[in-house]
Amino acid sequence: MEKQLKENSVFLLREYPFDYQRYIEVRLREIDDLEERRFAKEFLLHGLGKAISCMEEKYIQLERRILNEIEIAANQYETVMTNIKMHLVHL
């Protein structure tokens with residue numbers, strides 16, 4: 001179910017998955033001051049990182065709820081309508 005959810009996921013619309021933890025770790029290595037680096041790591045990875053992880057999980061849960069609500073049961077049908085422009089041709 002989880003694999004199917006990820007295959008049908010909105011995340012597939014992204015061009016690439018963004019690994020924020022790796023990005024932060026790479027950027028932290030650019031900070032020369034050890035004390036400043038420790039503070040930034042604590043704030044970014046442990047503070048902001050937890051918030052980002054929580055938001056990603058909430059979006060996955062919302063997505064799962066939506067997919068479960070709109071799932072069409074077997075042997076049920078839908079009607080879909082659209083407008084099309086017709087060109088009359090006089091012969």
For this session: Can you measure from CG (Leu28) to CZ (Arg38) and round to the nearest 0.5 angstrom?
Result: 12.5 Å

For this session: For Gln61, check side chain to side chain contact (heavy atoms under 4.5 Å, CB included) against everything at least two apart and list the hits.
Result: Glu57, Lys58, Arg64

Problem set entry | Where Asp33 and Glu35 come nearest, the two heavy atoms and their spacing | OD1-N, 3.1 Å

Exercise. More than 12 non-hydrogen atoms from neighbouring residues, nucleotides or ligands closer than 6.0 Å to CZ on Arg37, yes or no?
Worked result: yes

Please tabulate, for side-chain N and O atoms in residues 40-55, each donor-acceptor pair with protein atoms closer than 3.5 Å (sequence neighbours left out).
{"unit_1": "Ser53", "atom_1": "OG", "unit_2": "Tyr20", "atom_2": "OH", "d": "2.5"}
{"unit_1": "Ser53", "atom_1": "OG", "unit_2": "Gly49", "atom_2": "O", "d": "3.1"}

